[in-house]
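Note that the numbering runs from 1 along the sequence shown for the chain.
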Amino acid sequence: MPSASQPRENQDHAVQSRDSNARPRPDSSGQGQPPSEFGTRLRTYREESGLSLSALAERTKLSKGYLSSLENNHEPRRPSAEVLYALAQTLGVTMSDLMGRQLLPAASPEVPASLADFAEQEGLNQADISMLASIQFRGEQPRTSERWRYIYQSIRNSIQMDNNPSS
C-alpha cells in the first residue's frame, strides 16, 4: 500500500500496477475533457425537468458527486442499468433516450384470424389491434369476433369510467 507521503500520481500508479485490468483514470482536473454525449444528454434532461443536481440526487438516491461526474465525464465507468433506470424514471425519459440509442421495436404479437375479422368490421387502428392481440386469459386468446368485441368494449367502458369517476 502506498504511503500517505507519496505524491498522488504515484499512489494512482501503484494501485493500477497491482490490477492489470484497471482502466486508466481520466484527468481528474476536468480540463481538456469535454462532457461525454451521455453527460450532455443527462444534463439537458435534468435541466429540462427543472431539477438541480441536489434534487436529482435526492430523488434517485444517487450521490450529487456521482451525478456531477457523469455529467462532466469524470466517471470512468459506465452507469449500471439500475442507475440508468432510476435516472430515466425520475427525468421522465427512456433509458435509450439517455444512451442516445433508438428503442428496438418489440415483436408484434401474432393477430389471430378472429381478431383480424373483428378489427376489419370495427375499423380498428394498429395500436388497438396490437393491444388486443397481446391479451390472453389463462394462456388462451378469444376465439371469436364476438368475444373480441366484448373485450374491446369492456376496455373502452373502463376508460370512460376512469375519465368520469362517480365520487
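When only modelled atom types and interatomic distance are considered, S54 and S52 share no side-chain donor-acceptor pair under 3.5 Å.
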Working for side-chain hydrogen bond (donor to acceptor under 3.5 Å, both in side chains), residues D97 and T94: CA-CA 5 Å; D97 289 333; T94 64; 3.1 Å; yes
From CA spacing to verdict: side chain to side chain contact (heavy atoms under 4.5 Å, CB included), V93, L87: CA-CA 8 Å; V93 298; L87 290 168; over 6 Å; no
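Considering only heavy atoms from C-beta on, L84 comes within 4.5 Å of F38 through its side chain. Between R46 and L91, the closest side-chain pair of non-hydrogen atoms falls below 4.5 Å. Side-chain contact check for L98 versus M95: every heavy-atom pair is 4.5 Å or farther apart. I151 is not listed as a side-chain neighbour of S154, based on a closest heavy-atom distance of 4.5 Å or more.
In this structure, E47 CD and L56 CG are separated by 11.5 Å, a value rounded to the nearest 0.5 Å. The distance from atom CD of E71 to atom CG of L42, rounded to the nearest 0.5 Å, is 4.5 Å. For the atom pair CG of L132 and OH of Y152, the computed distance is 7.5 Å after rounding to the nearest 0.5 Å. Here the CG-CZ distance, from L70 to R41, works out to 12.0 Å after rounding to the nearest 0.5 Å. Remark: N73 CG to T40 OG1 distance equals 8.5 Å, nearest 0.5 Å.
Counting non-hydrogen atoms of other residues, nucleotides and ligands closer than 6.0 Å to CD of Q153 gives a total above 12. In Y85, the OH atom is not crowded: 12 or fewer heavy atoms of neighbouring residues, nucleotides or ligands sit closer than 6.0 Å. With a 6.0 Å radius and a threshold of 12 heavy atoms from other residues, nucleotides or ligands, E82 has its CD atom at or below the threshold.
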Donor-acceptor pairs under 3.5 Å, side chain of residues 115-122 to any protein atom, not counting sequence neighbours: which ones?
residue	atom	partner	partner atom	Å
Q121	OE1	R149	NH2	2.7
E122	OE2	R149	NE	3.4
E122	OE2	R149	NH2	3.3

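The two atoms that bring I135 and Q141 nearest to each other are O-CG, 3.2 Å, heavy atoms only. Nearest approach of E110 to P112, heavy atoms of both residues: O-CD, 3.3 Å. For the pair S114 and R143, the tightest heavy-atom approach, listed with the atom from each and the gap, is CB-O, 3.3 Å.
Two different hydrophobic clusters hold Y150 and I155 under the rule that ILVMFWY side chains link at heavy-atom gaps under 4.5 Å.
Of the possible donor and acceptor atoms, none in the side chain of S68 sits under 3.5 Å from a partner among the backbone N and O of G65.
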